[in-house]
2 protein chains.
Amino acid sequence: MPADPLSRVFSALADPTRRDMVARLAVADATVNELAAPYDVTLQAVSKHLKVLEEAGLVTRGREAQRRPVHLEAEVFDLMTKWIDRYRREAEERYRRLDGVLRAMPDDTEASPTRREGARP
Amino acid sequence: MPADPLSRVFSALADPTRRDMVARLAVADATVNELAAPYDVTLQAVSKHLKVLEEAGLVTRGREAQRRPVHLEAEVFDLMTKWIDRYRREAEERYRRLDGVLRAMPDDTEASPTRREGARP
DNA sequence: ATCCTGTTCAACCAATAGGTTGAATACAGG
DNA sequence: CCTGTATTCAACCTATTGGTTGAACAGGAT
């Protein structure tokens, strides 16, 4: 189970039920029972989902009598956004550069049929 | 396989090999063989990973002789960042609000034992 | 002590994911 | 036409995932 943190977060959010729980937890903390209510699965299944979210660092659990209130920890989101933004930016820069090259090229030198519209005849 | 788009993207990126491929594709398009080189798995395995990325809309494939060059489509990233940002923002706003409430409260009214440090005796 | 509520643990099951090997397809070059 | 290269398809294997049921544990209330 030593999957790296990034993989754990991505894969935790790859499940719609889990994403929905996160969405709801963004609004307010909740107990397992409260969280389970809307879904058509057993409490145990929800408990498992929660464990996944917890291992990904997305939620923490309190203890309050027999309840174990769930709290969203939004900081881990940064792990993802950092990764995403980095490669998105790289890809976009590269695209800008390529675009410049194409724009600077004599009208029909057309290096390879790569996403370019309207080379007027 | 009708998993929703968001789930597909998240789960595509939940694999380190796949993330690494995306990272490399952000720099330059590549063929399956080029992509496979660094990894210690068969070409077929890489081909499968590529299919996952493709179904998630993260890459598209060209056709150029017998090669099928892989191209990163960075736009799908937006799907994720929109989702993430939305709930991160919600969570942060909620935190700000709660913080305000606590700050405005008479020093030891302490609604419930929720993350608060140093209520001086 | 007993009971009720909230939550988890354990064993099990079916479906999926990631990997393998081996055969098939696609196409450029002699 | 035959060969080599690039890639995929198909069948198979194992581990993981998401779900189930049933039993266990924790702690307030009676």
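The sequence lines fix the lettering, A, B, ..., with proteins before strands; numbering per chain opens at 1. Keep in mind that the numbers below use all heavy atoms, side chains included, and drop hydrogens, waters and symmetry copies.
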Asks: For dG18(D), does either OP1 or OP2 sit under 4.0 Å from a side-chain N or O belonging to Arg18(A)?
Replies: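 Yes, Arg18(A) has a side-chain N/O under 4.0 Å of OP1/OP2 on dG18(D).
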Asks: Output, in order, the C-alpha distance, side-chain angles, deciding distance and verdict of side-chain contact (heavy atoms from CB on, under 4.5 Å) for Leu53(A) and Val70(A).
Replies: CA-CA 10 Å; Leu53(A) 290 174; Val70(A) 185; over 6 Å; no
Asks: In this structure, how many angstroms lie between the P atom of dT20(C) and the OH atom of Tyr39(B), rounded?
Replies: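 In whole Å, dT20(C) P and Tyr39(B) OH are 14 Å from each other.
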Asks: Between dG19(D) and His49(A), is there an OP1 or OP2 to side-chain N/O distance shorter than 4.0 Å?
Replies: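 For His49(A), the contact criterion (side-chain N or O under 4.0 Å from OP1 or OP2 of dG19(D)) is met.
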Asks: Indicate whether OP1 or OP2 belonging to dG19(C) is found under 4.0 Å from a side-chain N or O atom of Thr42(B).
Replies: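 No, no such contact exists.
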Asks: Let's go through Val9(A) and Phe10(B) carefully: what are the C-alpha distance in whole Å and the side-chain angles of both, what is the deciding distance for side-chain contact (heavy atoms from CB on, under 4.5 Å) to 0.1 Å, and is it a yes or a no?
Replies: CA-CA 9 Å; Val9(A) 183; Phe10(B) 275 120; over 6 Å; no
Asks: Can you measure Arg8(B) atom CZ to dA17(C) atom C1' for me and round it to whole angstrom units?
Replies: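 From Arg8(B) CZ to dA17(C) C1': 16 Å.
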Asks: Figure out the CZ/P separation between Arg63(A) and dC25(D), and round it to whole Å.
Replies: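 Nearest whole value for this atom pair: 15 Å.
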Asks: Can you tell me which residue pairs pass the side-chain hydrogen bond (donor to acceptor under 3.5 Å, both in side chains) test with a partner in residues 41-59 of chain A, sequence neighbours excluded?
Replies: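 Matches after skipping sequence neighbours: Arg18(A)-His49(A).
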Asks: Any side-chain heavy-atom pair from Asn33(A) and Arg67(A) closer than 4.5 angstrom?
Replies: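 Contact flag for Asn33(A)/Arg67(A) side chains = no.
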Asks: Does a side-chain N-to-carboxylate-O contact under 4.0 Å join Asp29(A) and Arg94(B)?
Replies: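 Here Asp29(A) pairs with Arg94(B) in a salt bridge, since their nearest N and O are under 4.0 Å apart.
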Asks: Report the residues that fulfil side-chain hydrogen bond (donor to acceptor under 3.5 Å, both in side chains) with Arg68(A), sequence neighbours left out, ordered by chain and then residue number.
Replies: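 Listed in chain order: nothing, the list is empty.
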Asks: What does the B/S/- profile of nucleotides 5-10 of chain C look like, 5' to 3', with a 4.0 Å heavy-atom cutoff to protein?
Replies: BSBBB-
Asks: For the pair made of CD in Glu55(B) and C1' in dT16(C), what is the distance, rounded to whole Å?
Replies: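 Result: 13 Å.
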